[in-house]
Amino acid sequence: MAKKGQSFVKYSEETKQRAVDLYEKGGRSYQAVADALGIRSSSQVKSWVKKCRNHETLQDQRGKQAASHPFIGRPRTRFSSVEEERDYLKAQVAFLKKAQSQSIRGGIIPKINRFDIISSLKDMYPITWLVAIAQVSRAGYYRFSERESPLRCDSTPFRGGMRVSSEWLHP
């Protein structure tokens with residue numbers, strides 16, 4: 001684990017390639033190659049050799065992916081096929097169509113409405129996708145779905161003059 005204030009050594013591509021060549025063609029151990037080239041760890045040499053065997057680049061990739069890709073960060077959903085990705089996009093469109101009809105105050109959709117939309121689409125699309133699209137927690141959705149009637153009117157007042165059940169106020 002890195003320590004606070006620790007600086008990491010960056011090795012040039014030539015040094016990395018020399019280390020791989022010394023190991024593969026020179027018949028030396030990882031430790032001997034690391035000692036000969038002044039590399040701190042033999043496991044670093046081992047990872048470079050592994051990358052070369054898998055035909056990967058030895059170039060430092062830190063920070064390169066986020067700058068070259070329009071979507072910064074790790075993707076939240078990985079798809080095994082184009083058809084699966086298409087279905088996910090269809091789920092997004094279906095959710096947004098229903099959300100647009102229920103939006104209030106400049107496009108804001110209350111959580112209850114998002115949960116209702118998920119309930120209506122859950123037979124067509126996986127709930128995991130729908131809660132990711134709606135930006136709500138899966139646990140929150142299941143808590144919502146366990147209630148028999150989330151907005152049952154009764155005599156308990158709520159902010160804004162709206163009346164809801166005490167079950168809703170204190171789950």
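None of these values were measured; they are calculated from a predicted model. Note: hydrogens, waters and symmetry copies are ignored here, and every other heavy atom, side chains too, is used.
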**Prompt:** Do the non-hydrogen side-chain atoms of Arg40 and Tyr11 ever get within less than 4.5 Å of each other?
**Reply:** yes

**Prompt:** Heavy atoms, side chains only, cut-off 4.5 Å: are Ile39 and Trp48 in contact?
**Reply:** yes

**Request:** Specify the closest pair of heavy atoms between Val33 and Ala19, including all atoms of both residues, with the distance to one decimal.
**Result:** CG1-O, 3.5 Å

**Request:** Identify the heavy atoms of Ile118 and Leu130 that sit nearest to each other, and give their distance.
**Result:** O-CD1, 3.8 Å

**CZ (Arg138) with more than 12 external heavy atoms under 6.0 Å** = no

**Asked** How long is the gap from CZ on Arg18 to OG on Ser12, to the nearest 0.5 Å?
**Response** 9.0 Å

**Prompt:** Are Tyr125 and Leu89 connected, step by step, through hydrophobic side chains (Ile, Leu, Val, Met, Phe, Trp, Tyr) whose heavy atoms are closer than 4.5 Å?
**Reply:** no

**Message:** Which heavy atom of Gln44 sits nearest to which heavy atom of Ser47, and what is that distance?
**Reply:** O-OG, 2.8 Å

**Complete:** Between Arg53 and Tyr23, the two heavy atoms sitting closest are NH2-CE2, 3.5 Å

**Request:** Side-chain contact test, heavy atoms from C-beta onward, threshold under 4.5 Å: evaluate it for Phe115 versus Arg143 and give yes or no.
**Result:** no

**Item:** Distance (rounded to the nearest 0.5 Å) between Lys97 NZ and Leu121 CG
**Value:** 11.0 Å

**Prompt:** Hey, is the main chain of Ile117 close enough, under 3.5 Å, to the side chain of Lys98 for a donor-acceptor pair?
**Reply:** no

**Fill in**
Distance col, row Gln6:CD vs Lys4:NZ, nearest 0.5 angstrom, shows 13.5 Å

**Message:** Any non-hydrogen side-chain atom of Trp129 less than 4.5 Å from a side-chain atom of Gln92?
**Reply:** no

**Asked** Can you hop from Val93 to Tyr88 via hydrophobic side chains spaced under 4.5 Å?
**Response** no

**Minimum heavy-atom distance between Cys52 and Leu58, given as atom pair plus value** = SG-CD1, 3.7 Å

**Asked** Under a 4.5 Å cut-off applied to non-hydrogen side-chain atoms, are Asp21 and Gln17 in contact?
**Response** yes

**Request:** Please answer: with hydrophobic residues joined when any side-chain heavy atoms are less than 4.5 Å apart, are Val9 and Tyr30 in the same cluster?
**Result:** yes

**Message:** Could you report the tightest heavy-atom contact between Val131 and Ser137, atom names first, then the distance?
**Reply:** CG1-O, 4.4 Å

